[in-house]
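Below you'll find the structure, written out as structure tokens, and then a few comments.
Whatever order the structure lists them in is the order used to number ligands and atoms, beginning at 1.
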Amino acid sequence: MKMPEQGRAWQDIQSDMIKRGAGDAKWRDGRTAVYVFNAGEEIAAIQKEAYAAFMSENGLGPLAFPSLAQMEKDVISMGLGLLHGPEGSTGAMTSGGTDSITMAIKTARDFARADGRARERSNIVLPQSAHLAFDKAAHLMDIEVRRVALKTDGTFEADSSAMGEACDDDTIMMVGSAPNFPHGIIDPIEALGEIAKQKGVWLHVDACVGGYFAPFARMNGVPVPAFDFDVPAVHSMSADLHKYGYAAKGASTVLFRSEELFKHMPFDMNQWSGAPMKTPTLAGTRPGGAISAAWAVMNHLGIEGYKRLQGQVCATRERVEEGVKRLGFEVLGNPMLGLIAFRHPDHHAFAIYGEIYRRGWFTSVTKEPPSLHLMLSPKHADFIEEYLADLEASLRAVEASADAEKLKVEARYS
Ligand SMILES: *Cc1c(COP(=O)(O)O)cnc(C)c1O
């Protein structure tokens with residue numbers, strides 16, 4: 001597109017944009033189980049209005065906009081309240097999980113550097129299932145990534161003792177997920193904490209997709225194991241508001257056990273021509289709307305609201321578990337929250353994925369092992385029977401083509 005010589009009317013542009021969206025994934029009809037968290041129209045309206053109310057304000061200027069500074073503080077203290085943040089724990093809002101993870105690694109690195117010991121190259125130790133945001137951040141900072149194979153007992157959990165063996169004097173962080181994205185499984189954070197303590201290594205819990213889900217699941221009676229600051233070795237956590245916090249996109253939290261750790265995060269610089277600036281996270285300008293929308297949704301839902309929504313998601317996941325097992329699929333490990341991955345003993349998951357995609361479902365896959373993957377929203381409660389019916393049709397289609405293939409092979413060799 002070339003920039004038009006003369007602009008055109010907003011109404012014209014608006015209808016153009018609506019048309020452009022027509023080919024997108026049908027998330028409003030529940031047909032997307034990745035990228036979008038749909039908590040219904042009321043929450044969407046609050047997100048939009050609360051975002052718009054502070055859309056022009058800038059989180060870069062806490063003195064100009066004390067309203068935003070206070071909303072951010074409130075959001076962080078609500079987050080720490082849910083995640084057993086001890087007295088003195090603190091944190092900041094970021095633009096998303098990748099940003100939170102990047103900042104946590106940067107903070108751990110600078111914390112490690114503060115001991116004054118020269119290191120050739122720092123490293124971080126991750127379970128194989130940890131999010132690739134760690135690799136992206138490590139790439140930016142020239143940190144080595146040591147990915148460690150998961151336990152082989154079918155739990156799809158991090159192997160804490162193998163991770164301990166991967167640590168050395170240059171390890172600046174060990175990671176556990178709560179839960180990981182590929183399998184939706186919560187790593188054994190207490191066991192990782194024991195190892196991290198022995199090794200004297202910073203433990204980060206990536207609760208990007210579970211941080212604002214697991215506490216409410218636990219209140220609803222789900223036996224969620226200790227995964228947060230309750231585990232004394234946990235130094236930092238990442239928890240996204242724009243996932244199961246149901247906030248507008250561009251909102252996550254990065255949290256630290258103490259000010260002592262947190263103080264290595266902000267960037268404070270005055271050696272340039274401009275005014276001195278101290279920024280807590282990677283961003284300069286920070287969208288006020290992302291802060292105000294998160295604050296508004298958290299205040300609107302409250303504990304009761306989140307318990308209700310996360311209860312719906314867990315109930316939907318249980319229906320999926322039942323439904324896919326009935327079709328002969330095997331669920332990976334013991335998922336407790338909103339993510340689930342499953343595979344079929346006889347047919348490749350990606351073939352089934354292709355079939356269900358053709359039937360209008362935009363879902364995801366896990367690569368190790370090849371599986372179908374769903375990230376469920378409250379709204380999926382209304383659509384899950386349709387999904388299961390289409391999954392069955394997809395499986396039958398793959399079976400039919402496998403049978404046809406077998407007949408062809410048999411004909412060739414007979
Ligand atoms: C989504 C996710 C991330 C990355 O978050 P973004 O907001 O997409 O940058 C990191 N870790 C886990 C476990 C996630 O689910």
Gly97 N/O to ligand 1 N/O under 3.5 Å: yes

Taking only non-hydrogen atoms of Gly96 and a 4.0 Å limit, the atoms of ligand 1 in range are 7 (O)

Run the contact test for Ile101 against ligand 1 with a 4.0 Å cut-off on heavy atoms, strictly below, and give the result.
yes

the protein heavy atom lying closest to atom 9 (O) of ligand 1 turns out to be Thr98 OG1, 2.5 Å

* Asked: Just by distance, do the side chain of Glu330 and the backbone of Pro345 share a donor-acceptor pair under 3.5 Å?
  -> no

When every non-hydrogen atom of Ala92 is compared with those of Thr281, the smallest separation belongs to CB-CG2, 4.1 Å

Checking heavy atoms under 4.0 Å, the part of Ala133 that sits near ligand 1 is neither

Those residues at least two apart in sequence (or on a different chain) that pass ring-ring contact (aromatic ring centres under 6.0 Å, His included) with His242 are none

Residues passing the salt bridge (Lys or Arg N to Asp or Glu O under 4.0 Å) test with Lys106, sequence neighbours excluded, are Asp110

Honestly, for Asp206 the part within reach of ligand 1 (heavy atoms, under 4.0 Å) is side chain

Review point. Is any NZ, NE, NH1 or NH2 atom of the basic residue among Arg121 and Asp142 found under 4.0 Å from an Asp or Glu carboxylate oxygen of the other?
Key: yes

Note: ligand 1 atoms sitting under 4.0 Å from heavy atoms of Pro179 are 13 (C)

Within 4.0 Å of some non-hydrogen atom of His242, the atoms of ligand 1 are 7 (O)

If you scan protein heavy atoms around atom 1 (C) of ligand 1, the nearest is Lys243 NZ, 1.3 Å

With heavy atoms and a 4.0 Å threshold, my read on which part of Ser177 contacts ligand 1 is neither

Quick note on ligand 1: atoms under 4.0 Å from a heavy atom of Val209 include exactly 15 (O)

Q. Is there a heavy atom of Ser95 sitting under 4.0 angstrom from any atom of ligand 1?
A. no

Point to revise | Pair Arg319 + Glu322: basic N to acidic O under 4.0 Å | key: no

Note to self: Any carboxylate oxygen within less than 4.0 angstrom of a Lys/Arg side-chain nitrogen, looking at Glu386 and Arg31?
What the structure shows: yes

>> Can you confirm if the aromatic rings of Tyr35 and Trp27 lie within a centre distance of less than 6.0 Å?
In response: no

